[in-house]
Amino acid sequence: MKKGGIYEKNMDFIFRSNAGAVSNLYASDVSDYGNGRDFFVSFNKDVDESQISHYRILVVPTANYINFSLKEANNVSSNNYTIVYKSGKSTY
């Protein structure tokens, strides 16, 4: 199933960690800049944010998403993802 440009099929695999997982992840390409700065992303926070200092938003090309793992995500340079610091809000 495709939702907002992201395939939900592998969401648990990609986004699950020891801290848990976000829910209601939504991503949409709202313009055509071609460099990722035109993405809109929203999600509901993990139920327990006590083990979380921040969330990371990574955009993975369609050709790579099936094999993209948490291990690979942890090795991505900080220049290539967006950090969202937890705020206590239910939705980011």
Side-chain angles (χ1 to χ4, degrees):
M1 181 185 301
K2 192 172 182 180
K3 179 179 180 182
I6 298 289
Y7 286 86
E8 291 184 37
K9 178 172 91 172
N10 290 324
M11 291 247 180
D12 273 347
F13 172 74
I14 294 172
F15 296 104
R16 186 157 300 279
S17 70
N18 289 337
V22 300
S23 61
N24 294 321
L25 177 63
Y26 176 79
S28 181
D29 189 4
V30 296
S31 195
D32 290 318
Y33 297 133
N35 61 7
R37 66 186 169 111
D38 55 349
F39 264 59
F40 171 80
V41 177
S42 67
F43 56 90
N44 291 352
K45 71 175 185 169
D46 184 12
V47 175
D48 178 10
E49 286 189 313
S50 66
Q51 297 181 32
I52 297 171
S53 62
H54 63 273
Y55 298 93
R56 295 179 184 177
I57 298 175
L58 296 89
V59 177
V60 179
T62 301
N64 300 340
Y65 90 94
I66 291 174
N67 296 315
F68 193 73
S69 68
L70 181 59
K71 181 180 178 181
E72 290 170 323
N74 285 330
N75 289 324
V76 171
S77 166
S78 61
N79 294 328
N80 294 318
Y81 60 78
T82 299
I83 293 177
V84 176
Y85 291 97
K86 68 179 185 178
S87 66
K89 295 179 182 178
S90 61
T91 303
Y92 293 88

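Quantities reported herein were computed from a predicted structural model and do not represent experimental measurements. Just the heavy atoms: all of them, side chains too, but no hydrogens, waters or symmetry mates, feed the values below.
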Residues forming a side-chain hydrogen bond (donor to acceptor under 3.5 Å, both in side chains) with N44, sequence neighbours excluded
T91

Tell me, please, which residues at least two apart from T82 pass side chain to side chain contact (heavy atoms under 4.5 Å, CB included).
I57

Taking only residues two or more places apart in sequence, or in another chain, which ones meet N80 in a side chain to side chain contact (heavy atoms under 4.5 Å, CB included)?
V76, S77

Tightest non-hydrogen contact, residues K45 and K89, listed as CD-O, 3.3 Å

Rounded distance [0.5 Å steps], CD in E49 versus OG in S87:
7.0 Å

Can you name the side-chain hydrogen bond (donor to acceptor under 3.5 Å, both in side chains) partners of S31, sequence neighbours left out?
none

Which label fits Y92 and F43: parallel for a plane angle under 30°, tilted from 30 to 60°, or perpendicular past 60°?
parallel

Under 4.5 Å between side-chain heavy atoms, hopping through other hydrophobics if needed: is there a path connecting V47 to Y55?
no

Grouping I, L, V, M, F, W and Y whenever their side-chain heavy atoms are under 4.5 Å apart, do Y85 and L58 come out in a common cluster?
yes

Who pairs with N74 by side chain to side chain contact (heavy atoms under 4.5 Å, CB included), at least two apart in sequence or on another chain?
R56, L70

Of all residues at least two apart in sequence or in a different chain, which pass the side-chain hydrogen bond (donor to acceptor under 3.5 Å, both in side chains) check with E72?
none

Linking I/L/V/M/F/W/Y whenever their side-chain heavy atoms sit closer than 4.5 Å, directly or via other members, would V60 and I83 fall into one cluster?
yes

Going hydrophobic residue to hydrophobic residue with side-chain gaps under 4.5 angstrom, can you get from Y26 over to V30?
yes

